[in-house]
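Below is one structure, written out as structure tokens; the observations come after it.
Computation of the quantities below employed the complete heavy-atom set of this structure, encompassing side-chain atoms and omitting hydrogens, waters and symmetry-equivalent molecules. Note on naming: letters A, B, ... go to the chains in the order of the sequence lines (proteins, then strands), and numbering restarts at 1 for each one. Everything quoted here is computed from the prediction, not taken from an experiment.
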Amino acid sequence: MKKILIGLSWPYANGELHIGHVGSSVPADVLARFHRQCGDDVCFVSGSDCYGTPISIQAQSMHVSPVEISNMYHEKFVDIFKKLDFSFENFFKTTDERHINFSQNFHKELSKTNYIYNKKTMQLHCNNCHRFLPDRYVEGLCPFCKKPAKGDSCEYCGKILEAENLLNPKCKICNSEPVLKATEQIYLDLPQLQLQLENFYDKRKDTWSQNAQGMTNRYLTEGLRERPITRNLDWGVPLFGENENSEKRIYNWAENVLGYLSGCKVYCDNNGKNWLDFWKNKNAKHYYVHAKDNIPFHTIIFPGLLLANPNEYHLPDTVLSYEYVTMEGEKISKSKGTALTARELLEEFNADFVRYYFAKNINDKKDTNFSFTDFVTSINGELINNFANFVNRTLSFVKNKFNGEVKVYENNVETMELIRSAYEKVATNIQQGKTSTALKNIFELVSYANKKFDANAPWQTIKTDPELCEKQCFEFVTIILNLANMLLPFIPNGACKILEWMGDIKNEWGVKTFKNNVKLGDFCPLYQRLDMENVKLKFKNYFK
RNA sequence: CGCGGGGUAGAGCAGCCAGGCAGCUCGUUGGGCUCAUAACCCAAAGGUCGUAGGUUCAAAUCCUUCCCCCGCAACCA
């Protein structure tokens with residue numbers, strides 16, 4: 001039994017989850033369910049990232065406290081992940097007292113090392129809003145092309161900018177002119193960790209997705225830069241010790257990733273387990289799953305924090321970074337009205353459909369384009385016509401001709417070998433985050449089954465040779481048993497139903513055979529087909 | 001010349017790292033079957049693999065040019 005930690009990146013609690021979040025998250029739950037089926041001790045952990053300027057500003061404009069805003073979105077996240085059949089050991093939040101304590105302790109330990117130092121910097125401050133401004137909250141004119149630009153970069157000439165160099169800088173919140181003010185921050189000495197991180201990268205990169213390798217390699221090649229781990233914020237994890245009451249907070253990125261540890265610890269504490277079996281165990285395996293924008297945080301900064309901390313915690317093993325989801329060809333954007341939320345999708349569709357669609361399409365090479373036409377044809381054509389209909393045609397046949405009972409026969413060698421090799425391929429692909437290829441492996445078996453059903457024509461053999469017909473049926477129900485078992489990580493709802501109909505509730509990964517005569521329970525068509533016109537009507541706002 | 005990824009049949013994609021008959025799913029057309037949710041099976045049509053050049057007996061694949069799309073650019077989290 002292996003200790004498996006699966007860390008899904010923490011969604012930021014200032015907006016609803018959209019299809020992009022869902023797309024890059026589904027493979028994490030597939031992994032978690034797969035490893036549990038293998039008998040491993042799994043800790044699947046994520047949570048709501050609750051701190052930072054955007055939440056603080058949103059709270060101000062809505063005249064509520066930041067904790068209310070973040071709690072509201074946290075509740076929404078919990079609800080959506082439940083509807084998606086996600087199987088977290090712990091879905092936590094960074095405002096939890098136990099996370100705050102853990103992060104403070106972690107940084108207290110860090111502060112005793114020589115990877116940490118104080119440094120004075122100048123930062124733009126808005127005297128009207130009484131806060132230091134993140135670069136993206138400063139707007140002005142680009143010093144190079146004189147066109148409107150934000151503090152981090154100019155979208156016209158493409159130059160990277162320093163916020164303090166903008167002409168006519170304005171605070172994005174109140175439109176008054178910010179001033180440069182001296183401040184002191186605590187820095188993490190990433191350049192000093194460069195060699196250790198290169199070593200870490202070389203050792204582990206082969207199990208990472210391609211985009212994670214490429215981007216990390218680039219950061220390392222360019223040379224790492226120091227990064228501040230504190231900010232002057234009113235909304236964040238307070239510092240520890242003598243700095244506890246200062247206006248500084250632990251900067252968001254130096255604290256939210258520690259949620260993988262704090263969230264795991266809380267789960268273990270609540271379940272009589274030792275969290276260090278996950279975090280100080282060379283044989284443990286850690287997966288991190290997220291969208292591509294999270295790559296440097298999981299391949300440079302988080303491992304950097306872990307290396308700098310004297311506890312020698314387990315470093316990330318497999319990093320799975322997925323490309324973005326676009327909506328009918330356009331970038332997901334609230335202002336463009338292309339931010340289809342997970343809630344909207346799950347109000348209309350079975351969670352299995354959503355999980356299937358994204359597991360089938362998300363990848364590490366290029367953006368996945370979500371379109372309703374594609375969604376409907378993919379669900380109807382593949383999941384229902386091929387798979388669900390094979391189940392239904394077989395079970396209906398057995399029910400009508402054999403009263404729902406089939407004797408045990410010797411297993412067909414060729415078929416069993418195909419099933420065995422499918423398990424092997426699917427397992428490999430799931431562990432590499434290639435859910436799309438894994439599903440392809442499974443559906444090759446579905447296609448084999450449908451072909452064989454036609455070739456055998458049991459509706460003929462039932463008349464000419466009932467014994468042979470029953471033998472054929474036994475083979476088909478055996479295939480279904482294994483298909484359902486293999487699909488359990490992907491479409492837990494439907495797969496679970498099928499296993500129940502077949503009287504099998506043990507969810508072990510690997511070839512399954514019937515030991516006793518098969519007695520089918522009551523069953524029905526697994527899913528209802530989707531109606532394109534109906535979908536068009538329901539989601540007409542998303543059609544151009 | 002900032003960095004990375006992508007451009008393959010009407011649509012969505014695999015193949016490229018390791019050169020060897022251009023493939024898969026959906027759609028279209030024709031046929032078959034009647035167990036099944038208008039589902040399933042067989043067959044056919046449909047592509048100068050973004051562009052231009054190079055290496056090679058052989059290039060979607062390796063090298064170079066240019067064009068187009070997307071992402072990143074460390075203070076979005």
| For Pro54(A), which residues count as a side-chain contact (heavy atoms from CB on, under 4.5 Å) partner, sequence neighbours excluded? | Tyr12(A), Asn14(A), Arg136(A), Tyr137(A)
| For atom C1', what is the distance between rG53(B) and rC66(B), given to the nearest Å? | 11 Å
| field | Paired and unpaired positions of RNA chain B as dot-bracket, Watson-Crick or G-U wobble under 3.5 Å, | denoting a partner strand | value | .(((((((.[[[[.)....(..]]]].(((((.......))))).....[.[[[..)....]]].])))))).....
| message | Base, sugar-phosphate or nothing for Ala388(A)? Non-hydrogen atoms, less than 4.0 Å. | response | base
| said: Please tell me whether Phe539(A) and Phe370(A) form a close aromatic pair, meaning their ring centres lie under 6.0 Å apart. | reply: no
| query | Judged by modelled atom types alone, do Asn429(A) and Asn441(A) share a side-chain donor-acceptor pair under 3.5 Å? | reply | yes
| query | In whole Å, what separates the P atom of rA38(B) from that of rU48(B)? | reply | 38 Å
| task | May I have all residue pairs that pass side-chain hydrogen bond (donor to acceptor under 3.5 Å, both in side chains) and include part of residues 525-534 of chain A, sequence neighbours excluded? | result | Asp352(A)-Tyr527(A), Asn385(A)-Arg529(A)
| When you measure from the centre of the six-membered ring of Phe476(A), is the NZ or CZ of Lys452(A) under 6.0 Å away and within 45° of the axis? | no
Protein and nucleotides 33-36 of chain B: nitrogen or oxygen contacts under 3.5 angstrom:
from	atom 1	to	atom 2	distance (Å)
rU34(B)	OP1	Gln460(A)	NE2	3.0
rC35(B)	O2'	Arg393(A)	O	3.2
rC35(B)	O2	Arg393(A)	NE	3.0
rC35(B)	N3	Arg393(A)	NE	3.4
rC35(B)	N3	Arg393(A)	NH2	2.6
rC35(B)	N4	Arg393(A)	NH2	3.3
rA36(B)	O3'	Asn392(A)	ND2	3.0
rA36(B)	O2'	Asn389(A)	OD1	2.4
rA36(B)	O2'	Asn392(A)	ND2	3.3
rA36(B)	N3	Asn389(A)	ND2	3.3
rA36(B)	N3	Arg393(A)	NE	3.2

| task | State, without any angle test, whether Tyr356(A) and Glu382(A) hold a side-chain donor-acceptor pair at a distance under 3.5 Å. | result | yes
Pairs: protein N or O with nucleotides 5-11 of chain B N or O, under 3.5 Å:
from	atom 1	to	atom 2	distance (Å)
rG5(B)	O2'	Lys365(A)	O	2.5

| request: Please identify each residue that fulfils side-chain contact (heavy atoms from CB on, under 4.5 Å) with Gln196(A), with sequence neighbours left out. | output: Tyr115(A), Leu193(A), Leu307(A)
| field | Spacing between Asp206(A) atom CG and rC17(B) atom C1', to the nearest angstrom | value | 12 Å
| task | Scan for salt bridge (Lys or Arg N to Asp or Glu O under 4.0 Å) pairs involving residues 388-403 of chain A, sequence neighbours excluded, and state none if there are none. | result | Arg393(A)-Asp454(A)
Distances under 3.5 Å between protein N/O atoms and the N/O atoms of nucleotides 23-26 of chain B, please, pair by pair.
from	atom 1	to	atom 2	distance (Å)
rU25(B)	O2'	Glu382(A)	OE2	2.9

| What's the CG-C1' distance between Asn294(A) and rG4(B), to the nearest Å? | 17 Å
| For the ring pair Phe302(A) and Trp253(A), is the centre-to-centre distance below 6.0 Å? | no
| field | Distance, rounded to the nearest Å, where Ile362(A) contributes CD1 and rC13(B) contributes C1' | value | 14 Å
| said: Output the rounded distance in Å from OH (Tyr219(A)) to C1' (rC3(B)). | reply: 9 Å
| message | In whole Å, measure the gap between the P atoms of rC76(B) and rU8(B) for me. | response | 34 Å
| query | With sequence neighbours left out, what residues match His290(A) under side-chain contact (heavy atoms from CB on, under 4.5 Å)? | reply | Ser9(A), Tyr288(A), Asn294(A), Ile295(A), His298(A), Val319(A), Ser321(A)
| Just checking Gly304(A): base, sugar-phosphate only, or nothing, at a heavy-atom cut-off of under 4.0 Å? | nothing
| query | Within this structure, what is the CE-to-C1' distance between Met215(A) and rA73(B), rounded to whole angstrom? | reply | 9 Å
| request: Evaluate the side chain to side chain donor-acceptor pair (under 3.5 Å) criterion for residues His107(A) and Glu255(A): first the C-alpha distance (whole Å), next the side-chain angles of each, then the deciding distance (0.1 Å), finally the verdict. | output: CA-CA 9 Å; His107(A) 279 279; Glu255(A) 156 268 304; over 6 Å; no
| field | Qualifying residues under salt bridge (Lys or Arg N to Asp or Glu O under 4.0 Å), relative to Glu184(A), sequence neighbours excluded | value | Lys120(A)
| task | Could you work out the separation of rC68(B) and rA45(B) based on their P atoms and round it to a whole Å? | result | 37 Å
| field | Residues which pass side chain to side chain donor-acceptor pair (under 3.5 Å) with Lys170(A), listed by chain and number, not counting sequence neighbours | value | none
| Value in whole Å for how far the P atom of rA39(B) lies from CD of Gln528(A) | 14 Å
| request: Check every strand shown and say whether Tyr527(A) touches a base, only sugar-phosphate, or nothing at a heavy-atom separation below 4.0 Å. | output: base
| said: Could you tell me how far rC24(B) sits from rG47(B) if I compare only their P atoms? Round to whole Å. | reply: 16 Å
| query | Relative to the 5' end of RNA chain B, which residue comes earlier, Asn211(A) or Cys524(A), by the nucleotide with the nearest heavy atom? | reply | Asn211(A)
| Taking CG from Leu395(A) and P from rU37(B), how many angstroms apart are they, rounded to a whole number? | 11 Å
| Asn385(A) CG to rU37(B) P: how many Å, rounded? | 12 Å
| field | Set of residues satisfying side-chain contact (heavy atoms from CB on, under 4.5 Å) with respect to Asn363(A), sequence neighbours excluded | value | Lys365(A), Lys366(A), Thr368(A)
